[in-house]
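Both counts, for ligands and for their atoms, begin at 1 and track the order of listing.
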Amino acid sequence: MPANAPVDAVPLVSQVDGGWRLPGIANLHSHAFQRAMAGLAERQMNPSDSFWTWRETMYRMAARFDPELLHAVASQLYVEMLEAGYTRVCEFHYVHHAPDGRPYDDPAAMSRALIAAARDTGIRLTLLPVLYMTGGFDGRPLGERQKRFGHDVDGYLRLFETLRAEAGDELLRVGCALHSLRAVPPEAMREVLAALPADARIHVHISEQVGEVQDCLAIRDRRPVEWLLQNAEVDARWTLVHATHLNDWEVAGIAKSGPTVAICPTTEANLGDGLFRLCDFLDAGGAWGIGSDSHISVSPVEELRWLEYGQRLVTRHRNIAVSPGSPSVGETLLRGVLASAADSTGFDGSGDAVVLDAGSPLLAGATAGDVVDRWIFSGNRGAVRDVDVAGRRVVSDGRHAEREAVLARYREAMDRLLADG
Ligand code: NGQ
Ligand code: ZN
C-alpha cells in the first residue's frame, strides 16, 4: 500500500484464525488515579451538584495518593485498558508532589509510578507531565488541595527534561500538558512552549464547562479556543481535550489548524459538560479521538457508541458519524480514532493489534463489512480475545497475563484509599 493511499483504502479489519483483527486503539486522555473513585461520586450532596462540586470530591481522592498507590491503581487501569482494546494511553498527569505541595525526594516519583505501571502491563504510554500554576483566570494562587499539582516554569521544565531523557523507546513518549488556560498564565505558556523540542506533543484541557468560557471572556476578552488559536501556534502536535463549547469560528479554526480534539464522551456525560459539536466538526474535516478521562468507563466501544448516541439524541436522526464512501458508523468512528492517533500520542502504533473473538455471540455470522458495527453496537459483552502491543502479545483469551497479581495489589490499594481518616 503506498504511503499516501487514502485512509479508507486501507482495510480496517482482516480475518485471522477464529477472529477478526483490528488496529490497536489509542486512549488520548487519562487521569489514572481517578479510576479509584469511579462510581463514588454518584450520590447527590447538594441540589446544585455540578462539575465543580465533583471536583472537590476528586481532590479529596487525589490527596490520598502516594507513588505506591498510584502504581497499583494505574496498573489495574492499564490492564483493563488493554483487555478492552486500548494499546496506547496519554496520561495527563498532574498529581506531582506530596500532599502538602513539597516535591518528593525524587521530584519525578509520581511520574515514575505511572511509567512503571505502563511497563509492568505492556501498554504504550505517552506521559504528559502537566503544568499547573494558578487556581483561576484571575491568577489566584493554588488552593490547599491543588498545591501538590503546582510548578513554576523552571521546575516544570526540569521535570519535563528529566522524563524526556528517559523516553523514546517503543513503549514510552513524553510530551507536555498545560492543565487549562485557567491554570497557566499567558506568559508561562509562552515560555514553556518556546522551550519544548520541536516534536513534543502538547495537550490542554479546554472549553469543557460554560463557566470556563465565561471566565475566559471576562478576563481575556476571548473565548478559550479563540484565545488559544490567536496566542499559540496550534497545529497537529496539539491535542485539545474536550473542546465542548465552541462557536462556528472555533469549529472552523480547529479544523483548519490541525490539532486533534480528544472527546471523552462517557466522562463528559458523567460530569454534565455538554455535547461536542461532532456533526459540524466532521463536516469541517477536523481530527478527533477518544479518551476515557475519569475512567467511569474503560471501553473504547462505550466511548464510540456514546459519541454517536449523543448526536442521535439531539438531532433525532440515526447514523450520524458517516461520510461519503463510508456509510458504516462503526468503521467511520474507528477510522477517525486511528487517523489522529499518531499525531496525538507520538506512537505510530505499528505492531499493535486487537483480535475480536469470532466465536463471541455478538459476532455470530459477522462479515468483514459489518464486524466493526456489530462490535460497537451490540452490547457490553467483551469480545476482545487477543491484544498485541509493539508486536508482543499482552492479552490472550481475553485475559492479561498479570491480571490476578495486579488485581490483588489494586484491592489492597483501594482498601487503603477508602479507609477512614
Ligand atoms: C482534571 N477533569 O484535571 O482531572 C479535570 C477536572 C479541572 C476533567 N476536566 C479538574 N474531566 O478541570 O479543573
Ligand atoms: Zn482531563
Side-chain angles (χ1 to χ4, degrees), residues 27-38 40-42 49-65 70 73-74 77 89-97 110 114 126-151 175-184 201-216 224-225 228 238-245 260-276 289-298 303 306 344:
N27 188 340
L28 303 188
H29 194 62
S30 165
H31 307 287
F33 77 90
Q34 292 177 17
R35 180 61 178 154
M37 64 175 282
L40 289 175
E42 311 299 327
D49 274 349
S50 69
F51 175 91
W52 305 104
T53 56
W54 166 85
R55 195 173 76 153
E56 291 308 313
T57 309
M58 185 273 277
Y59 284 173
R60 281 196 290 280
M61 179 56 90
R64 294 186 156 228
F65 273 85
L70 183 59
V73 171
L77 174 67
V89 59
C90 297
E91 191 60 45
F92 198 104
H93 166 56
Y94 58 87
V95 187
H96 298 298
H97 310 307
M110 293 292 265
L114 293 168
T126 302
L127 180 61
L128 304 163
V130 172
L131 176 63
Y132 202 127
M133 298 178 72
T134 55
F137 281 101
D138 55 5
R140 78 186 84 137
L142 300 180
E144 259 330 284
R145 292 202 190 272
Q146 296 171 323
K147 287 210 168 113
R148 64 183 314 191
F149 314 155
H151 280 104
C176 163
L178 310 173
H179 182 272
S180 50
L181 298 187
R182 58 193 143 81
V184 179
R201 300 319 197 251
I202 305 151
H203 290 221
V204 59
H205 284 136
I206 199 155
S207 232
E208 180 181 11
Q209 283 280 318
V210 171
E212 177 191 337
V213 178
Q214 287 166 345
D215 289 355
C216 192
V225 168
L228 188 70
W238 285 72
T239 295
L240 311 186
V241 182
H242 307 302
T244 311
H245 301 285
T260 298
V261 174
I263 313 169
C264 309
T266 62
T267 295
E268 290 158 9
N270 185 279
L271 297 180
D273 290 340
L275 209 53
F276 180 71
I290 50 168
S292 63
D293 191 348
S294 66
H295 313 304
I296 39 101
S297 169
V298 185
E303 299 305 335
W306 278 101
S344 182

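Remark: ligand 1 and Glu208 share an N or O pair separated by less than 3.5 Å (distance only, no angle test). For ligand 1, the polar-atom distance check against Tyr94 finds a nitrogen or oxygen pair separated by under 3.5 Å. Residue contacts with ligand 1: Thr267 is placed with no nitrogen or oxygen under 3.5 Å of a nitrogen or oxygen of the ligand (distance criterion only). Geometrically, ligand 1 and Arg55 share a nitrogen or oxygen pair separated by less than 3.5 Å. The distance criterion of under 3.5 Å between nitrogen or oxygen atoms is not met by Trp52 with respect to ligand 1.
At a cut-off of 2.8 Å, His29 is counted among the residues with an N, O or S atom near the Zn ion (ligand 2). With 2.8 Å as the limit, His242 does not count as an N, O or S neighbour of the Zn ion (ligand 2).
Looking at Phe92 against ligand 1, nothing comes within 4.0 Å, counting heavy atoms. Using a 4.0 Å cut-off between heavy atoms, Trp54 contacts ligand 1 through its side chain alone, with no backbone atom that close.
Atoms of ligand 1 lying under 4.0 Å from any heavy atom of Leu271, numbered from 1 in the order shown and given with element: 11 (N). Numbered from 1 in the order shown, with element, the atoms of ligand 1 that lie under 4.0 Å from a heavy atom of His242 read 9 (N), 11 (N). Each of the following atoms of ligand 1 lies closer than 4.0 Å to a heavy atom of Asp293: 11 (N). Near His205, the atoms of ligand 1 lying under 4.0 angstrom from a non-hydrogen atom of the residue are 1 (C), 3 (O), 5 (C). Distances below 4.0 Å separate heavy atoms of Arg182 from the following atoms of ligand 1: 7 (C), 12 (O), 13 (O).
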Run the ring pair (Phe, Tyr, Trp, His ring centres under 6.0 Å) check on His31 and Tyr94 step by step: do they pass?
CA-CA 8 Å; His31 307 287; Tyr94 58 87; 5.4 Å; yes
From CA spacing to verdict: side chain to side chain contact (heavy atoms under 4.5 Å, CB included), Phe51, Val210
CA-CA 11 Å; Phe51 175 91; Val210 171; over 6 Å; no
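Glu56 CD: more than 12 foreign heavy atoms inside a 6.0 Å radius.
Ring geometry, His242 versus His205: the interplanar angle falls under 30°, so the pair is classed parallel (tilted spans 30 to 60°).
The residue from His29, His31, Glu212 that puts a heavy atom closest to atom 2 (N) of ligand 1 is His31.
Residue His179 places a heavy atom under 4.0 Å from ligand 1. Judged by the shortest distance from any of its heavy atoms, Gln34 lies inside the 4.0 Å radius around the atoms of ligand 1.
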